[in-house]
Enquirer: 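The structure is given below, and queries will be raised subsequently.
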There are 2 protein chains.
Amino acid sequence: MNPIGNLNKIFESRIRLGVMSVLMVNNEVNFNDLKQMLEVTDGNLASHLNTLEENGYIKVYKGFIGRKTNTTYAITTAGEKAFKGHLVALEHMIKFTK
Amino acid sequence: MNPIGNLNKIFESRIRLGVMSVLMVNNEVNFNDLKQMLEVTDGNLASHLNTLEENGYIKVYKGFIGRKTNTTYAITTAGEKAFKGHLVALEHMIKFTK
DNA sequence: ATTTTAGCTTTGTATTGCAAAGTGCTTTTT
DNA sequence: AAAAAGCACTTTGCAATACAAAGCTAAAAT
């Protein structure tokens, strides 16, 4: 009945949607690649990554390439589940409109 | 490349998404029906309807049933186009993640 | 005459979004 | 060796939502 009842509030943000979408296809993506793919400022990206992490949807790996810091982000099982659920809800909504 | 580059900012809102979705399948829907379908407060709905109208995505028809006011909302051609574009962008994003 | 309904507007608060600047560490450039 | 630049942030600050709740007007129902 309510076409938006099953949409996940966390994924209302365009940028968070984008992050999840990128992390669904790429196992691990670093900060800069995400930043370039989504065309956002670093501060903005960092804060959205934060809320995704706080919700347990992504994991952060802080490592090094040689002695240079390298932070990568990956989707968690919970994140994958939540995102897929959201996509299903979106698909239902889309189907509903046709 | 950017999976969220073509998403329409106006449709980031869950409620506006819902309104458009409902108006895609029903030619004309009145205020109260929308309110019940989307389970929102009237003030909140009114303000979202306002931004949709300001953007030319919906039309408002103020009429009467007998002598009782009856306001209905319908999607415009521009609204349909914009919403369909957004759905295509969503579908691309979804396809991208699979 | 009072209450209820429809469709708002107004008010107020809390949250969000985002840019810009700052930070600490490291690497690269000069 | 010093300066510049990159990485991954945090902090600051402001402006734009989001939303609930209350108020409001005219008509309808009781």
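On a predicted model such as this, the values are computed, not experimentally measured, just so you know. Residue numbers begin at 1 in each chain, while the letters A, B, ... track the order of the sequences. Excluded from the calculations below are hydrogen atoms, water molecules and symmetry mates; all remaining heavy atoms, backbone and side chain alike, are included.
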Enquirer: Checking side chain to side chain contact (heavy atoms under 4.5 Å, CB included) between A/Thr71 and each of A/Val60, A/Leu49, A/Asn32, which is the one that passes?
Expert: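 Looking at A/Val60, A/Leu49, A/Asn32, the match for A/Thr71 under the side chain to side chain contact (heavy atoms under 4.5 Å, CB included) is A/Val60.
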Enquirer: Within this structure, what is the NE2-to-C1' distance between B/His48 and C/dG7, rounded to whole angstrom?
Expert: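 In whole Å, C/dG7 C1' lies 16 Å from B/His48 NE2.
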Enquirer: Which whole-number value in Å describes the distance from B/Asn30 CG to C/dT5 P?
Expert: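 Taking CG of B/Asn30 and P of C/dT5, I get 15 Å after rounding.
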Enquirer: Rounded to the nearest 0.5 Å, what separates atom CD1 in B/Ile4 from atom CE in B/Met93?
Expert: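 Here the interatomic distance stands at 9.5 Å.
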Enquirer: According to salt bridge (charged side-chain N to carboxylate O under 4.0 Å, His left out), who are the partners of A/Glu39, at least two apart in sequence or on a separate chain?
Expert: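 A/Glu39 satisfies salt bridge (charged side-chain N to carboxylate O under 4.0 Å, His left out) with no other residue.
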Enquirer: Provide, to the nearest angstrom, the distance between the CG atom belonging to B/Asp33 and the C1' atom belonging to C/dC8.
Expert: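 Value for this atom pair: 16 Å.
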Enquirer: What integer distance in Å separates B/Leu49:CG from C/dA6:C1'?
Expert: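 One finds 13 Å between C1' of C/dA6 and CG of B/Leu49, rounded.
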Enquirer: At a heavy-atom distance below 4.0 Å, which nucleotide of DNA chain D is the first touched by chain B, and which is the last?
Expert: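 Span of nucleotides near chain B: D/dA18 to D/dA28.
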Enquirer: Does A/Arg14 have a side-chain nitrogen or oxygen under 4.0 Å from the phosphate oxygens OP1 or OP2 of C/dG17?
Expert: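 The answer is no; no side-chain N or O of A/Arg14 sits under 4.0 Å from OP1 or OP2.
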Enquirer: Starting from P on C/dG7, measure out to NZ on B/Lys62 and report it in whole angstrom.
Expert: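 Atom NZ in B/Lys62 sits about 9 Å away from atom P in C/dG7.
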Enquirer: How close or far is atom C1' of C/dT9 from atom CZ of B/Phe31, stated in whole angstroms?
Expert: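 Taking CZ of B/Phe31 and C1' of C/dT9, I get 11 Å after rounding.
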Enquirer: Check every atom of C/dG7, C/dG17, C/dT9 against the side chain of A/Arg16 and return the nucleotide holding the closest atom.
Expert: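 Given the options C/dG7, C/dG17, C/dT9, the side chain of A/Arg16 is closest to C/dG17.
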Enquirer: Are the side chain of B/Asn26 and the backbone of B/Val29 linked by a donor-acceptor contact shorter than 3.5 Å?
Expert: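 Checked: no pair found.
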Enquirer: Minimum heavy-atom separation for B/Glu28 to B/Thr72, with atom names?
Expert: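 Between these two residues, the closest heavy atoms are OE1-OG1, 2.8 Å.
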Enquirer: In whole Å, I'd like the distance from the CG atom of B/Leu45 to the C1' atom of C/dA6.
Expert: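 Rounding to the nearest Å, CG of B/Leu45 and C1' of C/dA6 are 12 Å apart.
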Enquirer: Starting at atom NZ of B/Lys35, determine the distance to atom C1' of C/dA6, rounded to an integer number of angstrom.
Expert: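 My rounded result for the distance is 9 Å.
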Enquirer: More 5' along DNA chain C: A/Glu12 or A/Thr69, using each one's nearest nucleotide?
Expert: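 Closer to the 5' end of DNA chain C: A/Glu12.
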Enquirer: Determine all donor-acceptor pairs shorter than 3.5 Å in which one atom belongs to a side chain in residues 11-20 of chain B; sequence neighbours excluded.
Expert:
from: B/Glu12; atom 1: OE1; to: A/Arg14; atom 2: NH1; distance (Å): 3.1
from: B/Glu12; atom 1: OE2; to: A/Arg14; atom 2: N; distance (Å): 3.0
from: B/Ser13; atom 1: OG; to: B/Ile15; atom 2: N; distance (Å): 3.3
from: B/Ser13; atom 1: OG; to: B/Arg16; atom 2: N; distance (Å): 3.1
from: B/Arg14; atom 1: NH1; to: A/Glu12; atom 2: OE1; distance (Å): 3.1
from: B/Arg16; atom 1: NE; to: B/Ile10; atom 2: O; distance (Å): 2.7
from: B/Arg16; atom 1: NH1; to: B/His48; atom 2: ND1; distance (Å): 3.1
from: B/Arg16; atom 1: NH2; to: B/Ile10; atom 2: O; distance (Å): 3.3

Enquirer: Using atom types as modelled, flag every donor-acceptor pair under 3.5 Å from a side chain in residues 74-85 of chain B to any protein atom, sequence neighbours excluded.
Expert:
from: B/Thr76; atom 1: OG1; to: B/Gly56; atom 2: O; distance (Å): 2.6
from: B/Thr76; atom 1: OG1; to: B/Tyr57; atom 2: O; distance (Å): 3.2
from: B/Thr76; atom 1: OG1; to: B/Gly79; atom 2: N; distance (Å): 2.9
from: B/Glu80; atom 1: OE2; to: B/Lys84; atom 2: NZ; distance (Å): 3.1

Enquirer: How would you list, by chain and number, every residue that makes a ring-ring contact (aromatic ring centres under 6.0 Å, His included) with A/Phe31, sequence neighbours excluded?
Expert: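 Expected list: none.
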Enquirer: Distance check, rounded to the nearest 0.5 Å: B/Asp33 atom CG versus B/Lys35 atom NZ?
Expert: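 The NZ atom of B/Lys35 is 11.0 Å from CG of B/Asp33, to the nearest 0.5 Å.
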Enquirer: Check nucleotides 19-21 of chain C for protein N or O atoms closer than 3.5 Å to its own N or O atoms and list the pairs.
Expert:
from: C/dA19; atom 1: OP2; to: A/Thr41; atom 2: OG1; distance (Å): 2.9

Enquirer: For A/Ser13, answer base if it contacts any base atom (sugar-phosphate contacts may also be present), sugar-phosphate if it contacts only those atoms, and nothing otherwise; contact means non-hydrogen atoms under 4.0 Å.
Expert: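 Sugar-phosphate: the residue A/Ser13, judged by heavy atoms under 4.0 Å, touches backbone atoms but no base.
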